[in-house]
Visitor: 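Structure incoming, see below.
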2 protein chains.
Amino acid sequence: METDSTDHAILSLLQAESRADFTHDEIAERIDVSSSTVNNRIQRLEAEGVLKKFDPVIDYETAGAPHHILFVCTAPIVERKALCKDAIEVPNVVNTRELLTGSQNLHVEAVGMTAEDIEAVTEDLDALGLEINGSESLRTEYSRPFDHFGSEVVDESASE
Amino acid sequence: METDSTDHAILSLLQAESRADFTHDEIAERIDVSSSTVNNRIQRLEAEGVLKKFDPVIDYETAGAPHHILFVCTAPIVERKALCKDAIEVPNVVNTRELLTGSQNLHVEAVGMTAEDIEAVTEDLDALGLEINGSESLRTEYSRPFDHFGSEVVDESASE
DNA sequence: GTTGAAAGCATATTCGG
DNA sequence: CCGAATATGCTTTCAAC
């Protein structure tokens, strides 16, 4: 899909201000177009599959689930893609990522209320045929907009 | 914070249906409470910091940025937290995660239009004092709700 | 493809149980 | 604390450019 600087500015702002109450009007003011143009562009980006969804970011610890673990696993190359999809079905698993490498090619993120929840995840992953190379406690995580878009933003608001 | 099964059901549905057009009314119907209760709960979850934000999920490849890489790095233990924050400031870096382990304790996710963009990231990370243990192409990624909440959902809709 | 205004609709508030 | 109705204001639409 062809995306121009207006699209990039919108995507960047959406990532920078990922609030539920971030309105089209506010985007429109910051990039100096009308709010109907913002609406047009967002709808097109969604239709074309660039803007896929809006994921709620949950602080599991505050919500009462203190265990947050990353498993680094190895899946046989040919089964890797299938196992990535299978692993997301394991209870307490919240994210899986497929890498390109030969070993340690699957990352599985899990959340649990208790240590037993996490222990059960290791058993389930093992039962799927995944070799678990390591498990790490996740501490902090930061996200931010894709810069290539951000650098093109014409932000008219001086007070930032 | 104290979260009950209504909160959990709402969080689970928000994650399962992370659409912009997923309304409070729809949540209300599915878990059999009024939409004002849904609104009350969501506002409280946001105020208490459980529901932090709504991150737009962008398909970078479709948007015209084909390079999507995960760097596995090692930061000196004492500087780890600071470097996690520094790394997110590097151009084209979109996500950083701090792990607990002694080595390979920092994951840095980067996106770029060209191979040069990615090469520049390695140089910037190196300049920060990070040892880069490996870089992997990211292929596929799946996410899904935290099950402990999901299992408590009283979903009244039979047609699913 | 963009705009402004007006209609349509989701969300926030208010109040009564 | 929950739920129904009201008020607010955001999103969408549409005629015109």
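Naming convention: chains lettered A, B, ... in sequence-line order (proteins, then strands); numbering from 1 in each chain.
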Visitor: Tell me which one of A/His8, A/Arg41, A/Glu48 satisfies side-chain hydrogen bond (donor to acceptor under 3.5 Å, both in side chains) with A/Thr3.
Guide: A/His8
Visitor: Does the pair B/Arg30/B/Glu17 count as a salt bridge with the N-to-O cut at 4.0 Å?
Guide: yes
Visitor: Mapping A/Ser34 and B/Ala20 to their closest nucleotides on DNA chain C, which lands nearer the 5' end?
Guide: A/Ser34
Visitor: Going by heavy atoms in the side chains, are A/Glu109 and B/Arg97 under 4.5 Å from each other?
Guide: yes
Visitor: Within the pair A/Asn39 and D/dT11, is there a side-chain N or O less than 4.0 Å away from OP1 or OP2?
Guide: no
Visitor: Whole-Å distance between C/dA12 P and B/Ile27 CD1?
Guide: 11 Å
Visitor: To the nearest angstrom, how far is B/Gln43 atom CD from C/dT14 atom P?
Guide: 11 Å
Visitor: Hey, does the side chain of A/Ser18 reach the backbone of B/Asp55 with a donor-acceptor pair shorter than 3.5 angstrom?
Guide: no
Visitor: With heavy atoms under 4.0 Å as the rule, sort A/Asp21 into base, sugar-phosphate or nothing.
Guide: nothing
Visitor: Could you state the CG-C1' distance from A/Asp32 to C/dG4, rounded to the nearest angstrom?
Guide: 15 Å
Visitor: Report the distance from atom CZ of A/Phe22 to atom P of D/dG9, rounded to the nearest whole Å.
Guide: 18 Å
Visitor: Using a cut-off of strictly less than 4.0 Å, decide whether B/Thr23 has a side-chain nitrogen or oxygen near OP1 or OP2 of C/dA10.
Guide: no
Visitor: Assign B/Ser36 to base, sugar-phosphate, or nothing according to its heavy-atom contacts below 4.0 angstrom with the strands shown.
Guide: base
Visitor: To the nearest angstrom, how far is B/Glu2 atom CD from D/dC1 atom C1'?
Guide: 15 Å
Visitor: Does this structure show an ion pair linking A/Glu79 with A/Lys85, if we count only N-O contacts that are shorter than 4.0 Å?
Guide: no
Visitor: With a 4.0 Å cut-off on heavy atoms, is A/Arg44 in touch with a base, just the backbone sugar-phosphate, or nothing at all?
Guide: nothing
Visitor: Rounding to an integer number of Å, can you tell me how far B/Ile10 CD1 sits from D/dC1 P?
Guide: 14 Å
Visitor: For B/Asp25 and C/dG8, what is the distance between atoms CG and P respectively, to the nearest whole Å?
Guide: 18 Å
Visitor: Rounded to the Å, how far apart are B/Asn40 CG and C/dT13 P?
Guide: 10 Å
Visitor: For B/Arg41 and D/dC1, is the shortest distance between a side-chain N/O and OP1 or OP2 below 4.0 Å?
Guide: no
